[in-house]
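Data first, discussion second: the structure below is written as structure tokens.
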Amino acid sequence: MTAPESAETQTARRPTQTATLAEIAREAGVSAPTVSKVLNGRADVAPATRTRVEDLLRAYGYRRRRAEATRSPLIDLVFHELESAWALEVIRGVENVARDAGLSVVLSESAGRLVPGRTWADQVAARRPHGVILVLSGLDESQRALLTSRSIPFVVMDPAGDPGADVPSIGATNWQGGLAATRHLVELGHTRIGAISGPSRMMCSRARVDGYRAALETAGLPVDGSLITTGDFHHEAGYRLGLDLLRRPDRPTAVFAGNDLQALGLYEAARELGLRIPEDLSVVGFDDLPVARWVGPPLTTVRQPLLEMAEAAAKLVLDLGREEGSSAARRVELATSLVVRSSTAPPTPASAE
């Protein structure tokens with residue numbers, strides 16, 4: 001006679017098994033309607049009960065059948081920060097795809113956190129959107145399990161860190177962009193080139209600086225760590241760090257700014273110190289926001305195809321919610337390109353003094 005399985009063995013087997021809502025309800029000691037309330041993100045469930053049910057849903061790898069998942073005509077778009085022209089380009093791209101699909105866009109912000117709060121995940125479960133797009137953000141394990149169990153697909157755009165091999169993502173060739181920006185300055189004759197990067201915790205920032213380093217090393221120029229500063233992708237950081245770089249007695253003759261907003265802050269610092277762009281200082285940005293064409297002088301920058309990236313993210317999240325989702329590309333990188341305008345020129349003898 002075969003001995004009954006231990007509780008430990010049963011638990012270990014759960015992830016490979018499937019379970020009905022009734023079975024999960026029975027094991028949780030609640031009714032099937034209560035499990036349904038948890039699945040639908042209803043607020044009228046005690047926290048301890050919700051946690052117990054969520055743990056069982058996750059343990060069994062429960063995933064709601066698509067036929068069960070009545071979706072709202074929405075796409076959830078989540079930013080870690082929502083306060084710049086950069087975000088507006090992303091919103092435009094997602095809105096283009098949503099409008100063609102007859103959907104609306106719900107915006108939310110995680111107040112600078114790279115992972116949204118738990119209440120956000122519950123709200124998304126209650127809304128039951130067609131999909132979720134996270135910009136410079138990610139999900140923790142419990143949030144991923146919650147969305148997966150509700151058959152709510154998600155895509156990360158421009159991930160802050162490594163999203164994992166199984167997480168669909170849309171990015172850009174940031175390393176290549178940093179390389180192209182710095183190589184352009186080297187080819188103009190600059191040998192002392194500064195950098196104002198974005199946050200070091202963000203993968204895109206590190207990749208752009210790595211491209212900057214690679215361009216200098218390939219050209220046989222030294223990489224001076226004191227000329228590499230770390231900002232936060234905001235105008236104020238470009239201004240403040242720009243002043244620090246340009247007040248040095250051995251100041252750089254050119255600066256690669258990690259994004260256009262920091263480049264504009266650098267413009268302000270240069271004006272304050274009486275330096276002319278590009279006669280005394282060459283500047284290259286990153287993003288190619290619309291404002292880059294209208295500042296004086298127009299900004300040389302690396303075009304990151306934000307609109308196209310956002311459209312690709314929206315199309316991917318919709319594909320993942322359909323039958324063709326199983327064959328959709330899960331990792332996409334769109335090409336960056338250098339746009340040369342009037343903020344870069346060969347160094348003059350005066351600018352090198």
Side-chain angles (χ1 to χ4, degrees), residues 81 83-86 174 177-178 180-186 188-202 204-213 215-216 221-302 304 338-348 350-353:
E81 288 181 334
E83 56 176 42
S84 73
W86 190 96
N174 289 292
T182 312
R183 180 179 288 164
H184 169 66
L185 294 170
V186 170
L188 287 173
H190 294 277
T191 59
R192 192 160 178 78
I193 303 168
I196 302 176
S197 80
S200 57
R201 62 178 178 164
M202 292 187 178
C204 61
S205 299
R206 297 196 300 271
R208 293 170 195 177
V209 173
D210 287 346
Y212 156 89
R213 291 176 181 272
L216 294 178
L221 296 174
V223 177
D224 185 344
S226 70
L227 293 181
I228 303 172
T229 59
T230 302
D232 58 9
F233 282 152
H234 292 294
H235 175 278
E236 294 79 5
Y239 170 72
R240 173 175 49 82
L241 297 172
L243 285 177
D244 292 343
L245 285 172
L246 300 180
R247 282 173 172 158
R248 295 171 56 123
D250 55 349
R251 69 170 180 82
T253 61
V255 175
F256 167 47
N259 73 336
D260 289 350
L261 294 180
Q262 291 185 149
L264 297 182
L266 179 61
Y267 268 43
E268 185 178 344
R271 283 195 298 270
E272 186 171 309
L273 297 176
L275 298 175
R276 299 165 300 163
I277 299 173
E279 293 86 355
D280 303 317
L281 176 72
S282 286
V283 179
V284 180
F286 201 109
D287 282 336
D288 195 25
L289 297 177
V291 68
R293 287 168 283 175
W294 307 117
V295 295
L299 177 65
T300 295
T301 187
V302 176
Q304 181 174 209
L338 182 68
V339 180
V340 179
R341 297 194 178 100
S342 306
S343 66
T344 51
T348 63
S351 70
E353 289 178 357

Revision key, fill the gap. One should read off an interatomic distance between Asn259 CG and Arg208 CZ, to the nearest 0.5 angstrom, of 7.0 Å
Pair up each side-chain donor or acceptor in residues 235-242 with any protein partner under 3.5 Å, not counting sequence neighbours, and list the distances.
from, atom 1, to, atom 2, distance (Å)
His235, NE2, Glu268, OE1, 3.2
Tyr239, OH, Glu272, OE1, 2.6
Tyr239, OH, Glu272, OE2, 3.2

Practice item. Please work out whether the ring planes of Phe286 and Phe256 are parallel, tilted or perpendicular, with thresholds of 30° and 60°. Key: tilted
Check your understanding: Where is the tightest heavy-atom contact between Ala270 and Leu281, given as atom of each residue plus distance?
Key -> CB-CD2, 4.2 Å
Point to revise | Arg341 and Asp288: CA distance, side-chain angles, deciding distance, salt bridge (charged side-chain N to carboxylate O under 4.0 Å, His left out) verdict | key: CA-CA 11 Å; Arg341 297 194 178 100; Asp288 195 25; 3.0 Å; yes
Check your understanding: For Ala345, does its backbone N or O pair with a side-chain atom of His190 as donor and acceptor, under 3.5 Å?
Key -> yes
Point to revise | Exam field: side chain Tyr212 to backbone Gly258, donor-acceptor pair closer than 3.5 Å | key: no
Review point. Salt bridge or not for Asp224 and Arg192, using N-O below 4.0 Å?
Key: yes
Exercise for review: Answer yes or no: is there a side-chain heavy-atom contact under 4.5 Å between His184 and Leu188?
Suggested key: yes
**Study point:** Thr301-Asp260 side chain donor-acceptor pair, cut-off 3.5 Å
**Key:** yes
Review point. To the nearest 0.5 Å, what is the distance between CD (Gln262) and CG (Leu264)?
Key: 10.0 Å
Review point. Step by step, would you call Asn174 with Asp210 a side chain to side chain contact (heavy atoms under 4.5 Å, CB included)?
Key: CA-CA 9 Å; Asn174 289 292; Asp210 287 346; over 6 Å; no
Practice item. Examine the side chains of Ser226 and Arg248 and answer whether a donor and an acceptor come within less than 3.5 Å of each other. Key: yes
Check your understanding: Looking just at side-chain N and O atoms, do Thr300 and Thr344 make a donor-acceptor pair shorter than 3.5 Å?
Key -> yes
**Study point:** Heavy-atom pair of closest approach, residues Ser343 and Pro297
**Key:** CA-CG, 4.1 Å
Check your understanding: What distance separates Arg276 CZ from Thr348 OG1, expressed to the nearest 0.5 Å?
Key -> 7.0 Å
Practice item. Search all heavy atoms of Pro252 against all heavy atoms of Val255 and return the closest pair with its distance. Key: CG-CG2, 4.0 Å
Review point. Side-chain contact, heavy-atom cut-off 4.5 Å: Phe233 with Leu261?
Key: no
Point to revise | From CG (Asp232) to CE (Met202), nearest 0.5 Å | key: 9.0 Å
Exercise for review: Supply the atom-to-atom distance Ile277 CD1 to Ser342 OG, rounded to the nearest 0.5 angstrom.
Suggested key: 11.5 Å
